[in-house]
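Bear in mind the structure is a predicted one, so any value in this text is a computation, not a measurement.
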Amino acid sequence: SKLLRLAPEVLKALKVAAAFGAICHEDMIRILDKDPASLWSISAALDIAVSEGLMSKVEGSSYGFSHDQIQSAAYQLIDEPDRTAFHLHIGQSLRRLSSRNELENYLFVVADQLHRGADLITDHSEKVDVAGISLLAGKKAYAMSAFLPSLSFVKSGIAMVSDDDWDTNRELCFGLFNLCIEVEYTSGDFDAMKKHLEHVFGRARTLEERLPAYFVLIESLGAQLLTDEAISTACKVLAQLGEEFPSDLTEATVKHEIMTTHALLSRQSIDDLIRMKEMQNTTKRDAMKFLNLLICYTYLGKKNYLAVAVCRMVQLSLSHGVCRESAYGFAVYGTIQCGLLGDYAGGYRHGKLAMSLLDRFNARDFYARVYLTVYGFVNNWVEPIQSAVPQLKEAADVGLSTGDTEFAMVSAQNYHIVALASGKVLGSLIDEMQMYSKLMVELNQNFINTMNMPVRQATLNLMGKCADPTKLVGEEMDEENLLKNAEDGDQSTLMSLICFYRMWLEYLFGEYNRAAETAKKNRDVAKHNLSRFAIVCNYAFYSGLAALALARKGSQEEWRDTIDNAMSQMETWALSSEWNCQHKLELMKAEYFYLNGDFVAAAKGYEVAVQLASKHRFIHEEALALERSAIFHTETGDQETASKLFLKACNCYNQWGACSKTAQV
C-alpha cells in the first residue's frame with residue numbers, strides 16, 4: 001500500500017530496479033536514462049525511493065532494496081503477462097544505449113535481461129545479435145571459472161540460432177557449440193557433450209572446423225578411461241596436420257628421436273631458448289595442441305609414443321618458434337631426461353625453462369600441467385621434496401579454477417603421493433585425500449580417482465584404520481579386485497602403484513619375504529612410473545632394505561644383486577639430491593655393515609641416518625632409522641640402548657600419525 005501511494009514515475013523506476021533483482025548498479029540506471037525518448041529520470045525517481053526508506057545506496061554506487069519483500073512487492077507491480085516484454089525492453093535498451101566499455105562491464109546483466117525476454121524476439125537479425133552477446137557472456141563466465149552460468153548463457157545463445165545460420169553465421173554457430181561442448185566436458189556431463197559433438201561433426205566441412213571438437217573429444221575419452229581410443233584419435237588428427245606417427249614404434253625409432261632432439265638442444269643455451277621467436281604457423285600450433293594431448297594419455301600406457309610426442313614438440317619449438325604449449329613440451333622433455341636418460345641436471349634446467357615460458361605467455365590454462373610435471377616428475381630429483389608439496393596442491397587448485405579439470409585431479413593425485421613420501425602428517429593428509437576423492441567422483445574423473453586408491457588406502461593402513469596393515473584392503477579398495485581389474489584393463493601404472501604401496505607396507509611391518517616377492521613383481525616400476533621420484537626412489541630404498549634384512553637371515557648371494565643395484569642407484573641419486581637421498585643411503589649402508597659384521601660402522605651409520613632424516617624433515621624415515629637401529633642393538637645384545645631407540649621411534653611414528661606402526665613397535 002505504501003508503494004501504491006508513490007508518484008507514478010517512482011513506481012515505474014521501482015519496477016525497473018526490481019527487474020534487476022535485490023541490487024541494481026547505478027551505472028545501469030544511468031545508461032537507461034540516456035534514452036532521448038524518456039520523459040523522466042529513473043535515477044531521480046529512485047532517489048525519492050531512497051528518501052522514503054524503500055531503498056538505500058549500497059557501497060555508494062548501487063541501489064539496494066531495504067528488504068527482500070519490498071523488492072518482491074515492486075516486482076509484483078509488473079503484471080505477470082507483461083514481465084517477459086518488460087525484461088526484453090530493458091535488455092534492448094541496455095544493448096542500444098551502452099557504449100562498448102559499458103557493454104563489456106555489464107555483459108552478464110544485458111545478456112540476462114535479453115534472455116528473460118527472448119521468447120518475444122521475432123526478428124532474426126536480433127536473434128543473431130542476442131546469440132552473439134550470449135557467446136561473449138559465456139566466454140567471460142568460463143574465463144572466470146563460473147561454469148554453470150557459462151553453460152546457461154551459451155545454451156540460451158544456441159536457442160537463438162537456426163539451421164540456416166550454419167551457412168550465414170557459421171563462425172557464431174561453431175563458437176556457441178564448441179564452448180558448450182567445452183563447458184559440458186569440464187562439468188563432467190559427457191552425455192550432453194556427446195550430442196553437441198555429433199552436431200558439430202555433422203556440420204563441419206573442413207579439418208579446421210573440426211579441430212576444437214576433436215580436442216574436447218580426446219580429452220573426454222581420456223577422462224572416461226578410453227585411453228587407447230584417445231591416443232588413436234589424437235594420432236589420426238596429427239597425421240592430418242602433417243605429424244604422422246609410425247604404427248609400430250620401435251626402441252630404435254624412439255632412441256633416434258631422443259638423440260636428434262638432444263643434438264638440436266645442445267646447440268642452444270637456456271637463455272637462447274627463452275628468447276626464441278613466437279610460433280606463427282597456425283598448422284604447427286594446432287599440431288602442438290594435439291601433441292600436448294597425446295602426451296597426457298601416453299604416460300599411462302604407450303610410453304614410446306610419449307617420448308616421440310615430446311621430442312616432436314621440442315623440435316617444432318626449435319624450428320618454428322615457441323608457443324604456450326612449448327612450456328609443457330619442455331617440462332615433459334625434462335621428465336624424459338630424468339626418467340630415461342638419468343640426466344637430472346639437464347632435466348632440471350629444462351624444467352626451469354618450462355616455468356619461464358609459462359610466465360612469458362601468461363599461460364594460466366597450462367599452469368596445472370606444467371607445475372604438475374616440474375614439481376611431480378623433475379624437481380624432486382634435485383630439490384628437497386617438501387618444496388614440491390605446496391606447489392602440487394596449488395596446481396590442483398588452479399587447474400580447477402581454470403577448467404583444466406583432468407590435470408587438476410592428476411595434480412591432486414601426485415600431491416598425495418609426494419606429500420606422503422615427504423613425511424606430511426597423516427591425519428591432515430587423509431582429510432585432503434578424501435576431499436579430492438569426492439571432487440574426482442563429482443567431476444567424472446573416475447580413472448584418476450581409481451589411480452589414487454592405493455595411496456589413500458596405504459595412508460589409512462598406517463593410521464590403523466584396517467584389519468591387516470600389510471594388505472591394501474579397507475574402505476578405499478580391495479587389492480585383489482583392483483589388481484584383477486587393472487590386469488584386465490592393461491593398466492600397468494595402476495598395477496605398479498598397488499604393488500609399490502603393498503611392498504612398502506609389507507617391509508614396514510616386518511613381512512620381508514612378502515615384500516621381496518611383491519618387489520619382484522614390480523621390477524619395471526621405473527618404466528611404469530617414469531621419472532616419478534616418490535615411487536622410483538622409494539621402490540629402490542625399501543626393496544633394497546627388504547633384501548638386506550633377508551640376506552641376514554639366509555643366503556647373502558641370493559640377494560646380492562638386488563642389494564648392489566639398490567645401493568648403487570641410491571648413491572647416484574644422492575649426488576643429485578643429497579637432501580632427499582643421503583639419509584636413505586646411510587640407512588642402507590648401516591644395514592649393509594650389519595650384514596657384513598662391522599658392528600661399529602653399522603652403529604655409526606644408523607646414527608648418521610637418524611640425524612640426516614631429522615635434519616631434512618623426513619619424520620617417517622627418522623622413525624624407520626631409529627627402529628632399525630633399535631633392532632640392530634637388540635640383536636647385538638644392547639637392550640638398554642635398544643629400548644631408548646624404540647621409544648624414540650614410537651614418538652616419531654606417533655608425530656607422523658602412523659598409529660599402526662606405533663602400536664607394532
Side-chain angles (χ1 to χ4, degrees), residues 469-470 499-523 525 537-574 581-613 618 620-650 652-653 658 660-665:
T470 67
C499 288
F500 167 75
Y501 284 108
R502 187 171 72 185
M503 180 268 294
W504 182 39
L505 292 168
E506 287 166 343
Y507 172 77
L508 284 179
F509 289 93
E511 297 290 344
Y512 306 130
N513 281 303
R514 284 172 53 195
E517 284 300 313
T518 304
K520 284 180 183 177
K521 295 175 183 177
N522 204 15
R523 284 194 190 96
V525 63
C537 177
N538 282 319
Y539 170 84
F541 181 42
Y542 289 101
S543 63
L545 288 175
L548 283 159
L550 289 169
R552 283 207 314 275
K553 298 178 183 298
S555 167
Q556 290 191 31
E557 195 60 36
E558 180 183 354
W559 301 104
R560 186 174 303 282
D561 287 347
T562 303
I563 294 168
D564 289 347
N565 288 337
M567 293 186 69
S568 175
Q569 284 181 308
M570 199 61 69
E571 285 172 353
T572 299
W573 295 333
C581 300
Q582 192 64 44
H583 67 282
K584 295 179 175 68
L585 178 60
E586 295 299 335
L587 181 55
M588 295 175 83
K589 284 181 177 180
E591 293 276 279
Y592 189 75
F593 288 136
Y594 181 21
L595 171 65
N596 290 309
D598 190 343
F599 294 172
V600 174
K604 181 61 178 175
Y606 289 120
E607 287 180 19
V608 173
V610 170
Q611 291 167 3
L612 286 175
F618 290 90
H620 59 314
E621 287 167 355
E622 180 186 354
L624 176 62
L626 286 163
E627 182 186 0
R628 298 312 301 178
S629 181
I631 291 170
F632 161 74
H633 282 93
T634 298
E635 293 178 351
T636 54
D638 187 353
Q639 296 295 338
E640 184 179 352
T641 301
S643 180
K644 293 176 182 177
L645 290 167
F646 276 129
L647 285 172
K648 289 181 179 179
C650 279
C652 286
Y653 280 129
S660 57
K661 269 304 295 182
T662 305
Q664 186 221 19
V665 173

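Between P469 and L505, every side-chain heavy-atom pair lies at or beyond the 4.5 Å cut-off. Taking 4.5 Å as the limit, every side-chain heavy atom of R502 sits out of range of all side-chain heavy atoms of E511. Looking at F500 and N522, their side chains come closer than 4.5 Å, going by heavy atoms from C-beta outward.
No side-chain N or O of Q664 forms a donor-acceptor pair with one of Y653 less than 3.5 Å apart. E586 and Q582 form a side-chain donor-acceptor contact under 3.5 Å, judged by distance and modelled atom types alone. Side-chain contact check for E506 and T518: at least one donor-acceptor pair (N or O, by modelled atom type) lies under 3.5 Å.
The distance from atom CG of L587 to atom CD of E627, rounded to the nearest 0.5 Å, is 10.5 Å. From L645, atom CG reaches atom CZ of R628 across 12.5 Å, with rounding to the nearest 0.5 Å. Rounded to the nearest 0.5 angstrom, E591 CD and I563 CD1 are separated by 10.0 Å. The CD atom of E622 sits 10.0 Å away from the CD atom of Q611 when rounded to the nearest 0.5 Å. Atom-to-atom distance recorded for C652:SG and L647:CG is 11.5 Å, nearest 0.5 angstrom. One finds the CG atom of N565 at 11.0 Å from the CZ atom of R523 (value rounded to the nearest 0.5 Å).
Closest heavy-atom contact between L624 and L508: CD1-CD2, 4.2 Å. The heavy-atom pair separating A625 from V610 by the smallest distance is CB-CG2, 3.6 Å. Heavy-atom minimum distance, A566 versus M588: CB-CE, 3.6 Å. Smallest separation of non-hydrogen atoms from A551 and Q556: O-CG, 3.8 Å. Here the closest heavy-atom approach between residue A603 and residue H633 is recorded as CB-NE2, 4.5 Å.
Ring-centre distance between F618 and H583: below the 6.0 Å cut-off.
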Full working for side chain to side chain contact (heavy atoms under 4.5 Å, CB included) between T636 and Y594
CA-CA 10 Å; T636 54; Y594 181 21; 4.2 Å; yes
Using salt bridge (Lys or Arg N to Asp or Glu O under 4.0 Å), reason through R514 and E517 one step at a time and then give a plain yes or no.
CA-CA 5 Å; R514 284 172 53 195; E517 284 300 313; over 6 Å; no
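Within the 3.5 Å criterion, the main-chain N or O of S568 finds a donor-acceptor partner in the side chain of T572. Under a 3.5 Å cut-off, the side chain of T634 and the backbone N or O of A630 do form a donor-acceptor pair. Without hydrogens or angle criteria, Y539 side chain to A519 main chain gives a donor-acceptor distance under 3.5 Å. In this structure, the side chain of D638 engages the main chain of T641 through a donor-acceptor pair within 3.5 Å.
At most 12 non-hydrogen atoms from other residues, nucleotides or ligands lie less than 6.0 angstrom from OH of Y592.
Both tests pass for K661 against the ring of F509: distance under 6.0 Å to the centre and angle within 45° of the axis. Cation-pi contact between K584 and Y542: absent, since separation from the ring centre below 6.0 Å together with deviation from the ring axis within 45° is not met.
Between F632 and F599, the two ring planes are perpendicular [angle over 60°; tilted spans 30° to 60°]. In this structure, Y507 and Y512 have tilted ring planes: the angle between them lies in the 30° to 60° band.
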